[in-house]
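Take a look at the structure set out below.
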Amino acid sequence: MSNSPLPENFRQQMLLQLGTDYPAFIAAFQQPAPVSVRVNPKKAVLKTADLEPVLWCNEGFYLPERPVFTLDPLFQAGAFYVQEASSMLIAEALRQTARLQRPLRMLDLCAAPGGKSTLLASLLTPDGLLVCNEVIRSRIPVLKENLEKWGIPNVAISNHDPEDFKSLSGFFDIVLVDAPCSGEGLFRKDPEAMLEWSADSVVFCTTRQQRILTAAAPLLCDDGLLLYSTCTYNDSENSRNADWLSEHGFENQTLDLPESWGIVGKTLNNTTGYQCYPHRVKGEGFFLSIFKKKQRSSPETGIPRTFRSLKPVRNWQVKSLQSFLKNPEAYSFYVKPNNDVFAIPESLSAELRTLDWALHNKGFGLEMGTFKGDDFIPSHALALSTAIAETLPGIDLTKEEAMRFFKKENLVLNEPVKGWLLARYEGLNLGWLKGVGNRVNNYLPKEWRIRMDIKEY
């Protein structure tokens, strides 16, 4: 709920846009913002029977109130993601327009903090690939953390300006541009966004969005889909940029959405987009338009025969690594110059070799861990991965013990244990423990430790 006064120029903009709906729109700002989560279908242990569903996303649900998510072991294990309900419309849009049963190459071009990336990852087939790009380097850690929690191994992360992707012309089947915007749709949820808003910022965002779309357009294959979204209301950033796409080789795609959902179809000139308003849906402000590429794409270049930054592990190490995976034959194993070991899905080897040579700042594959002499130290990402073997030894923790684990405290057991153990809670892996007599050492990475003095994002 926002008690801050809305900028006057914004009020006038929305009055012109909404007409008789304007009083209801303003009244919505006096209501608390709804709290919604999206369940990880690969870690579906959250009890949802009594929760109200998000109408346009099968995995989306509303919570009756906002808990402290960082104190929930299921959140830390990647069982669900806290995502604004309106933005989950992307799931319905892709179900209506994309051939999701095929192994698709997807790109989330403006990915951090990762909400829409985890949504896209859940739609992948086992042989599909998702590249999650973020231009701001300081936002990469939270993107990486959220994707590691989600646990899907066929995901790559990159840190590049959109224009750096030009050598990947025609590479992707789906590109999502959730563009940086003026943030009008977040005013109720984040009143500080109002302080950054101005008519000049809208003009700046519109220009920046068009630059991003210009870089994104060539990356799609013939008949590839481009999804353009913002968390704002104004037509300059939304419909006019959508019109620009329709004038540059793209065909606007329409959706069949029930009127009862309250999502407004907005048509300006040649294109239709879909707008969520907080007085019409149980969510915040969000705009989405979908396009199919009609221009012919430039052909892809040849596929590199080797990885640029990875070398195969030694033969004697392979058996040890395979024991950690449920389908070890589906992976090959490589080591980086810093000795980190990664598992690469064999079905994506060609695509990942292409990425490896096209992009400099990237990471891909499942991080397995490192070898220290003959000993293998597994990574936290491996513990959270859905690719991990289900037969590995572990220990079930109570909620209190699970929170002690996430505070990076060591645990004391009644019986002596030895070697690597998975800490588990309600059937989900939380991370690694190592038994030393009656004590187990906590191998949660320091950067994952829960601190009680930080604000949830």
Side-chain angles (χ1 to χ4, degrees), residues 90-91 93-111 114 116-134 143 147 150 152-160 162-178 212-213 215-229 245 249-250 253 290-305 307-308 310 330-332 342-366 386-387:
I90 289 171
L94 285 174
R95 288 190 177 100
Q96 290 193 27
T97 59
R99 298 170 66 181
L100 295 175
Q101 72 278 9
R102 297 175 52 199
L104 300 172
R105 301 172 180 177
M106 301 186 189
L107 169 63
D108 186 353
L109 196 53
C110 312
K116 298 174 186 68
S117 292
T118 56
L119 186 155
L120 294 177
S122 292
L123 297 176
L124 287 174
T125 64
D127 295 335
L129 173 66
L130 172 63
V131 179
C132 306
N133 181 70
E134 174 55 45
L143 174 62
L147 288 168
W150 212 245
I152 306 298
N154 38 337
V155 172
I157 298 174
S158 62
N159 173 216
H160 278 275
E163 294 179 355
D164 295 341
F165 281 77
K166 57 188 175 183
S167 65
L168 293 170
S169 175
F171 185 80
F172 295 100
D173 300 288
I174 295 172
V175 173
L176 169 63
V177 177
D178 184 48
I212 295 172
L213 291 172
L219 305 180
L220 283 156
C221 64
D222 294 347
D223 293 328
L225 292 174
L226 191 152
L227 280 70
Y228 174 63
S229 64
L245 283 169
F250 286 84
Q253 305 292 292
I290 307 96
F291 295 85
K292 179 181 288 188
K293 184 171 184 177
K294 302 309 295 182
Q295 280 185 340
R296 292 187 62 82
S297 303
S298 301
E300 294 181 33
T301 58
I303 299 171
R305 297 180 61 184
F307 287 103
R308 177 174 61 178
L310 302 176
Y331 297 87
S332 52
F342 284 79
I344 302 296
E346 286 281 6
S347 62
L348 295 175
S349 180
E351 287 89 345
L352 294 175
R353 292 197 303 272
T354 299
L355 285 180
D356 194 22
W357 286 91
L359 303 174
H360 293 279
N361 303 320
K362 80 287 177 182
F364 53 79
L366 168 58
T386 57

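Computation of the quantities below employed the complete heavy-atom set of this structure, encompassing side-chain atoms and omitting hydrogens, waters and symmetry-equivalent molecules.
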Starting from the C-alpha separation in whole Å, work towards a yes-or-no answer on side chain to side chain contact (heavy atoms under 4.5 Å, CB included) for F364 and L359.
CA-CA 11 Å; F364 53 79; L359 303 174; over 6 Å; no
What verdict does the side chain to side chain contact (heavy atoms under 4.5 Å, CB included) test give for F171 and T354, after you've listed the backbone C-alpha separation in whole Å, the side-chain angles of each residue and the deciding distance to 0.1 Å?
CA-CA 10 Å; F171 185 80; T354 299; 3.9 Å; yes
Let's go through L352 and L129 carefully: what are the C-alpha distance in whole Å and the side-chain angles of both, what is the deciding distance for side chain to side chain contact (heavy atoms under 4.5 Å, CB included) to 0.1 Å, and is it a yes or a no?
CA-CA 9 Å; L352 294 175; L129 173 66; 3.9 Å; yes
What's the verdict on salt bridge (charged side-chain N to carboxylate O under 4.0 Å, His left out) for K362 and D356, showing C-alpha distance, side-chain angles and the deciding distance?
CA-CA 8 Å; K362 80 287 177 182; D356 194 22; 2.8 Å; yes
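Taking the side chain as every heavy atom from C-beta outward, L120 and L94 approach each other to under 4.5 Å. In this structure, L227 and V177 have side chains that are not in contact, with every pair of non-hydrogen atoms separated by 4.5 Å or more. Contact of the D108 side chain with the V131 side chain is not registered, since no non-hydrogen atoms from C-beta on lie closer than 4.5 Å. Counting heavy atoms from C-beta outward, L226 and L213 have side chains that approach closer than 4.5 Å. The closest side-chain heavy-atom distance from L219 to L107 is below 4.5 Å.
Aromatic pair Y228/F250: centroids not less than 6.0 angstrom apart.
Using a cutoff of 4.0 Å between basic side-chain nitrogens and carboxylate oxygens, K116 and D178 are scored as salt-bridged.
L143 and E134 get closest at one heavy-atom pair: CD2-CB, 4.1 Å. A156 and L355 make their closest contact through CB-CD1, 4.2 Å (heavy atoms, listed as atom of the first residue, atom of the second, distance). Residues T125 and Q101 share a closest heavy-atom pair of CG2-O, 3.6 Å. Taking each heavy atom of Y331 and A343 in turn, the nearest pair found is CD2-CB, 3.8 Å. Heavy-atom minimum distance, I152 versus V155: O-CG2, 3.7 Å. Here the closest non-hydrogen pair linking L348 and G128 is CD1-O, 3.4 Å.
A distance of 11.5 Å separates CD1 of I290 from CG of L245, quoted to the nearest 0.5 Å. The distance from atom CZ of F172 to atom CG of L130, rounded to the nearest 0.5 Å, is 9.0 Å. Expressed to the nearest 0.5 Å, how far SG of C110 lies from CG of N133 amounts to 7.5 Å. Atom OG of residue S229 and atom CG of residue L176 lie 5.0 Å apart, to the nearest 0.5 angstrom. Here I344 contributes atom CD1 and L310 contributes atom CG; the two are 5.5 Å apart, rounded to the nearest 0.5 Å.
In this structure P162 satisfies the side chain to side chain contact (heavy atoms under 4.5 Å, CB included) test together with L109, I212, A215, sequence neighbours excluded. Qualifying salt bridge (Lys or Arg N to Asp or Glu O under 4.0 Å) partners for E346, counting only residues two or more places apart in sequence or in other chains: none. Considering only residues two or more places apart in sequence or on other chains, K292 meets the side chain to side chain contact (heavy atoms under 4.5 Å, CB included) condition with D223, L225, Q253, K294. Listed by chain and residue number, E59 satisfy the salt bridge (Lys or Arg N to Asp or Glu O under 4.0 Å) test with R95 (two or more places apart in sequence, or in another chain). Here D173 pairs with L104, R105, C221 under the side chain to side chain contact (heavy atoms under 4.5 Å, CB included) rule; sequence neighbours left out. Judged as a side chain to side chain contact (heavy atoms under 4.5 Å, CB included), and not counting sequence neighbours, P126 has no contacts.
Counted by atom type alone, S117 and W150 present zero donor-acceptor pairs between their side chains at under 3.5 Å.
The main-chain N or O of F307 is never found under 3.5 Å from a side-chain atom of R353 such that the two would form a donor-acceptor pair. Between the side chain of S349 and the backbone N or O of P345, no donor-acceptor pair lies under 3.5 Å. The main-chain N or O of G224 is never found under 3.5 Å from a side-chain atom of K293 such that the two would form a donor-acceptor pair.
Ring geometry for F165 versus H160: interplanar angle over 60°, hence perpendicular rather than tilted (30 to 60°).
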